[in-house]
Amino acid sequence: MKIFTSTDEWREFRDSCWPQADSLGFVATMGALHPGHLSLVRASLKNNAFTTVSVFTNPKQFDDVQEFENYPGDVQADLLCLEQVGVDAVLLPATTQIYADDYRFRVSENDFSQRLCGAHRKGHFDGVLTVVMRLLNLVRPDNAYFGEKDFQQLQLIREMVAAFFMPVNIVACPTIREADGLAMSSRNQGMDSAERETAAFLHTLLKESKSAAEAALRLGRKGFTVDYVEDIAGRRLAAARLGNTRLIDNVVI
Ligand code: PAF
């Protein structure tokens, strides 16, 4: 497995190793890898000649500095995991390389990104879309894999790629869950055992409730601080907090 900390070296490698005919799959991550990430990686490995993964905790998508600083991460463990699963290349860029322009240029969407998670996390989706655009331009994959757990993010990325005529196929992968239904997430590590037990109700109550309002009410009764529960285009999407941990999930209704 090749590891690139320099974006210039990656670009040279990209140009020399991937002629047009070969397909390159890409998974963007912020590290703290779990089976959810690995399912994206496996989907890429299965359908592409080469798979590249980026590990970059993007500071621009955090509305809270503390949350960014506390974001879990263990690069050595991530690299081991990626090597074991058979990834070809890993990009570990520095913030100064991704944002050499000091974030003067950014992607901004002014409709769907302002709702749901965007209404509660100022600037979050500008940060996500900007880093995804930069990473896609840097990696130039044929296929890029994103999880359905972050459904709003996935939808916005699809729409950005279409709006900017970007030559990449966005592949959606299903949410990977723990045995009790909790969607796998790097944030799950931040919960104590009582919060972890309660967390499974997010998925259960989204599925079982007859309406978004009922789900919000029942989540509140279980001890969640609900940011939102909304039904949109056949899906029920939610974000809710348990202590310091913000959880998101969505189900087909
Ligand atoms: O879903 C994530 O982990 C991040 O939002 C992403 C897509 C890697 C961009 O930083």
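Counting starts at 1 for both ligands and their atoms, in listed order.
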field: Residue selection (non-hydrogen contact nearest atom 10 (O) of ligand 1) among Gln61, His37, Lys60
entry: Gln61
query: Which heavy atom of the protein is the closest neighbour of atom 3 (O) of ligand 1, given with residue, atom name and distance?
result: Met30 CG, 3.8 Å
message: So if I count the atoms of ligand 1 from 1 in the order they appear, which ones are less than 4.0 Å from some heavy atom of Val131?
response: 9 (C), 10 (O)
For Ala28, atoms of ligand 1 separated by under 4.0 Å from a heavy atom: 8 (C)
Arg134 bridged to Asp101 by N-O distance under 4.0 Å: yes
field: Heavy-atom side-chain proximity of Trp10 to Val139 below 4.5 angstrom
entry: yes
message: Is it the case that the side chain of Arg106 and the backbone of Tyr103 share a donor-acceptor pair, with hydrogens and angles ignored and the cut-off at 3.5 Å?
response: yes
task: Report yes if some N/O of Gln153 lies less than 3.5 Å from some N/O of ligand 1; otherwise report no.
output: yes
- request: Check ring-ring contact (aromatic ring centres under 6.0 Å, His included) between Tyr71 and all other residues, then give those that pass, not counting sequence neighbours.
  value: Phe62
statement: Applied to residues 161-177, the salt bridge (charged side-chain N to carboxylate O under 4.0 Å, His left out) test, sequence neighbours excluded, yields Arg177-Asp249
